[in-house]
Structures are given as C-alpha cells and as structure tokens.
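Down below is the structure, laid out as structure tokens.
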Number of protein chains: 2
Amino acid sequence: MVQIMTTHDNDAFKPIATVDLAIFSMTPNGLSVLLARRANAPFAGVWALPGGWIHIDIDHDLETAARRVLKEKTGVEMPYLEQLQTVGNANRDPRGWSISVVYVALISSDDLAAGQGARSGEAQWWPIEGNGVDVHLAFDHALLLSDALTRIRKKVEYSTLPAHLLPSRFTLSELQSLYERLLGRKLDKSAFRKRVAEAGFLVPVEGEMRRASNRPAQVFRLKDAQSLVLFDRTL
Amino acid sequence: MVQIMTTHDNDAFKPIATVDLAIFSMTPNGLSVLLARRANAPFAGVWALPGGWIHIDIDHDLETAARRVLKEKTGVEMPYLEQLQTVGNANRDPRGWSISVVYVALISSDDLAAGQGARSGEAQWWPIEGNGVDVHLAFDHALLLSDALTRIRKKVEYSTLPAHLLPSRFTLSELQSLYERLLGRKLDKSAFRKRVAEAGFLVPVEGEMRRASNRPAQVFRLKDAQSLVLFDRTL
DNA sequence: CTAACTTAGTTGACATTTACTACTAAGTAA
DNA sequence: TTACTTAGTAGTAAATGTCAACTAAGTTAG
C-alpha cells in the first residue's frame, strides 16, 4: 500500500514505507494468490495485495514487518518468505511519492487446510490466470503480482522453492507433478529423482508410505525449513 | 545512509529513505568499489557506500534517485544498474529506524579513464579483498558490500554482466580473462567462444583488430546497453 | 487364488554436451 | 626467414541428459 505524509514529530507512528506481500499457495483451483479488499481510500473496495505500514515501534526490521502482515492475514507463522523488490515513485499512489517493499511468501497447503487460509472475510484466494488474476487490482499491484510470478517461475528451474507449496509430507510423484504444473512441461522421472537425491534436501520419512490401489510410495519431508538450492545457482 | 525524522510538514524535503550504491569497476588494482568519506555525523570521516536521500521533488522514482547519486559521484550517465535489496531495521543507524534501497552499478573502465572516476577528493576507489575492502565502513555497509559482491559473483556464472566492466571495445581474450578473474578459475577457450556466440550478445566491430606482436584479435562490442542473459537463466 | 491393473522406482542404450588437448593461423621481431 | 606469441579451430574422451522399456509392489475383480 502506500504512504501518507502527515504531521508526525514525536508520534509513535511515523510512516516510512509499506510492505506488500504476494502470498501464494496451491488451492483446489491451482496456484493462487491471497488478495485483500481495501477498506479505505484510495481504492476503497478494490482488491489489492495484502500489506501494511511498517510500525517502527513494533517491527524490528523489514522481514518482521512482512511476517506480521502475513500472520494477521493468514495466521501462518513459518512460511517461505523472500524479498522480491522495492518500488518507489511519484505515480503509484494518487497521494504522491510512496515506497513499498514487496515480499513473496509461499504457504503449505497444510496451513490452508487448517483453516488458516483467508482469515477475514475481506481476504480471499484468487487463482492465477496467466500473469495475474482475473480482477482489477489497486495501485501498481497487478505489476507487482506479475513480477512475483516471474520470480517464482524462474526459481522453479533451479531451486526447491515449490516444495513449500506442498503439505509437509509428500511423495516424489506429487512433488514432480507440482514442478511440472509450474513449469508447464513434463519432466523425466529418473532425472528428477536423481537431482533431488543429489541436492539432498528431501528426507524420507521412515516407515511412512502413501498407499492407494497400487505400489505404495515413499513419503518425504523437507530437510530444512527454508529453501535450499537444487542445482548450483542462486539468485 | 540513513534517515532523520525531523519536523517536516510542508517542506519540499521529506525524508523517506535513502539509496546506497555499490559501484564497481576494474581499476589497475583489479575489481574495485567506489567509497565516499562521510562529511557529517553519524560516522563523520568514516568511509561508506555512496548514497543519499531520495528527493521526492526531483527524483521521479527509485532508479532515478540512484542514477542521480551515481552521476554526482562519478559523472557517469549510463552504467549497468540493478536493484540489489532493501534493508530496514532499528539498529543500522544510531538515530533509529531507517531504510536503504541498495543498488549495484558497474562502470566501464573507459569512463574511469575519462577522468570520471572519483570526482571529489572525498571519493576513492578501493580494491576488493575477499568479501570486502580493507577499511572499516560506516553503518551496515560492510554487509551490504559483501551482499553486492555475492550477487555479482553469482551472476558471472550465467550472465553477460562482467562485460560492463570492460572498455566499450574489447577482445574475446580480454573478456574471458575478466570472467576468469571474477570466477577465480580458468575457463576453456573454445567453450567460452561458443557460448558467447550462441548467446549473441557480442557484435564484432568490422575491420577493427587489436594488434600486438602476435596474431591480431577481433574487436567486439556489446550488442545492447543493458545486460543480456548469457545462458537460459535469470535472477 | 490368481490375473489384471496401476503407479513406484530402476535400468540401460543412445544422443548431446562439456572438458581437454593438440593443432593451425597470423601477425611481430630478431 | 625463422623464432616467438597469442588468436582461433578441430577432434576426441568423458560426463551428462533423454528416452523408453523394464521390474516392483501393492489393490481389485473374477
């Protein structure tokens, strides 16, 4: 969102900038982003990326502020969180110059199922269509969302990032299928297995097997909370 | 640098945040970064990354602000410029909460030679040693510099970024040698040639040859001003 | 009880790419 | 004209990715 330059000499609240979040998860409708309907002007009633002012009295740093907003909107405490970019110019807010630090967050579908999805009635999951959503967004948020999508789609190629969209326990086939959906192309089964094993970011859950009317599959979990590098590239 | 929350109701100058720049170039001492000695408190007299307040009345956007600072310090108008990250917390400035948007800039050694290097006596090129420079830096700038180095070293692997550090005309050997210095390992001559040809970001300058007491080398220039992708990855 | 079915996971042949080495090319300098 | 130096090319071996077939392990139908 956006900044108002009010009179603020010794106020506890001194508007510096906002943090905005592109929060993604896999819903029954596929990859989706959480949007919030704006309560106040400007753009009252219009959908926007969840965000809020940095509260310099309670937020120790930018990431803390982003986590606070995320917690308020979704209840989720430990998402995958990554700074995307910072936008700042004179046009993005009708009230004048404003700065927004944009974060990308990925939420496990476990957390969605636990009723943490969209907490308030004013927040809702929107399925991704192409480079955005099928609704008009406030400010420059359509652009920010498009940038966020570009980032995560690129990162699918060389990181373990998509694993954070799955439940905490999953099979290799489920993971591969997710990669394929995000990449939009089929992957080779044995190559996928091999690379995942080499990267070493998955831990088999001993004894646990996913069973259906066929050969049961080994169940895995992520080794660490944050994303590890799948190949040899970062950023 | 850093933000002071003064009384500013209808001032033209409303401090929002600062932009700080990690400006790199190849000097006779190898990869170097431009540092400025701080004139005022805090950290008066201490070396720091060049930076400055965003002037919302003259800077249309963040990148404009970064280019302005760069122009002031170096005279260079058309560098390679890329947003690195934004830092913001309560501790980085003794005066309290502050936000800085950090950019990485690469300057052609042509521009250095044209006397544009360090304009004022208070700015100076420092050679990179390991993950930083051999001098104490103000604020969290040692950390920011280290992050900037990590970014450009990673990007060497898959982008044409290093070409922006060379003069506008160069030979393949010069480019390869630069990549090798930045990567810290030898590259294969024919493989390098092949990949550069495939990426198609170099244009041979017809007729021009670099001659010494040996076979003359074809001279090249960059196809476009901004960095193209060398392989099939970005970000 | 057994055969058919489905998905998990493995194996191996072939194609493509990369790594390494040696070669030829084109100038200068003695 | 020969030695020297760096530019640029060529060819082979090793590594890696691609593709397709195969075996494994369960459920379900008859």
Side-chain angles (χ1 to χ4, degrees), chain A residues 154 156-160 162-163 166-167 169-223 229-233, chain B residues 154 156-160 162-163 166-222 229-233:
Chain A
K154 277 282 176 203
V156 173
E157 305 262 8
Y158 61 88
S159 84
T160 68
L166 286 178
R169 305 299 162 96
F170 49 85
T171 68
L172 268 187
S173 300
E174 288 163 356
L175 183 62
Q176 180 178 344
S177 162
L178 174 60
Y179 270 83
E180 288 171 347
R181 290 174 72 177
L182 293 174
L183 288 170
R185 68 166 194 270
K186 286 284 173 190
L187 297 175
D188 179 65
K189 192 161 48 158
S190 54
F192 188 80
R193 239 191 163 67
K194 196 172 153 198
R195 298 210 299 201
V196 160
E198 280 165 2
F201 73 102
L202 288 194
V203 182
V205 182
E206 299 300 336
E208 257 192 78
M209 293 294 207
R210 182 74 43 89
R211 41 188 65 249
S213 68
N214 51 23
R215 175 172 175 173
Q218 178 65 57
V219 169
F220 291 88
R221 63 173 177 82
L222 272 182
K223 194 170 202 171
V229 174
L230 183 46
F231 311 131
D232 60 344
R233 319 149 202 168
Chain B
K154 277 282 177 203
V156 173
E157 306 260 8
Y158 60 87
S159 83
T160 67
L166 287 178
S168 62
R169 305 299 161 98
F170 50 86
T171 67
L172 269 186
S173 300
E174 288 163 356
L175 183 62
Q176 181 177 344
S177 161
L178 173 60
Y179 270 83
E180 287 171 346
R181 290 174 72 176
L182 293 175
L183 288 169
R185 68 166 193 269
K186 286 285 173 191
L187 297 176
D188 179 65
K189 191 162 46 159
S190 52
F192 188 79
R193 237 191 164 69
K194 196 174 153 197
R195 298 210 299 199
V196 159
E198 280 166 2
F201 73 101
L202 289 194
V203 181
V205 181
E206 299 300 334
E208 259 191 76
M209 293 295 209
R210 182 73 43 88
R211 40 188 66 252
S213 66
N214 51 22
R215 176 174 174 171
Q218 178 65 57
V219 169
F220 292 87
R221 63 175 177 81
L222 272 182
V229 174
L230 183 46
F231 311 130
D232 60 344
R233 318 147 200 169

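Here is the naming used below: chain letters follow the sequence lines, and residue numbers restart at 1 for every chain.
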Could I get the full list of side-chain hydrogen bond (donor to acceptor under 3.5 Å, both in side chains) partners for B:Asn214, not counting sequence neighbours? none

For the student: nearest non-hydrogen atoms of A:Pro162 and A:Tyr179, plus distance: CD-OH, 3.5 Å

Rounded to whole Å, please give me the gap between [atom1] in [X] and [atom2] in [N].
{"X": "A:Arg210", "N": "D:dA24", "atom1": "CZ", "atom2": "P", "value": "24 Å"}
{"X": "B:Gln176", "N": "C:dA19", "atom1": "CD", "atom2": "P", "value": "13 Å"}
{"X": "B:Lys194", "N": "D:dG11", "atom1": "NZ", "atom2": "C1'", "value": "12 Å"}
{"X": "A:Leu187", "N": "D:dA20", "atom1": "CG", "atom2": "C1'", "value": "17 Å"}
{"X": "A:Arg211", "N": "D:dA24", "atom1": "CZ", "atom2": "C1'", "value": "14 Å"}

Can you name the salt bridge (Lys or Arg N to Asp or Glu O under 4.0 Å) partners of A:Arg181, sequence neighbours left out? none

Determine whether A:Phe220 and A:Leu166 satisfy the following criterion, side-chain contact (heavy atoms from CB on, under 4.5 Å), listing intermediate values before the conclusion. CA-CA 11 Å; A:Phe220 291 88; A:Leu166 286 178; over 6 Å; no

Flag, side chain of B:Gln218 to backbone of B:Thr171, donor-acceptor distance under 3.5 Å: no

Heavy-atom protein contacts under 4.0 Å, nucleotides 5-16 of chain C, coded B base, S sugar-phosphate only, - none: -BBBBSB-----

To the nearest 0.5 Å, atom CG of B:Leu178 lies from atom OG of B:Ser173 at 12.5 Å

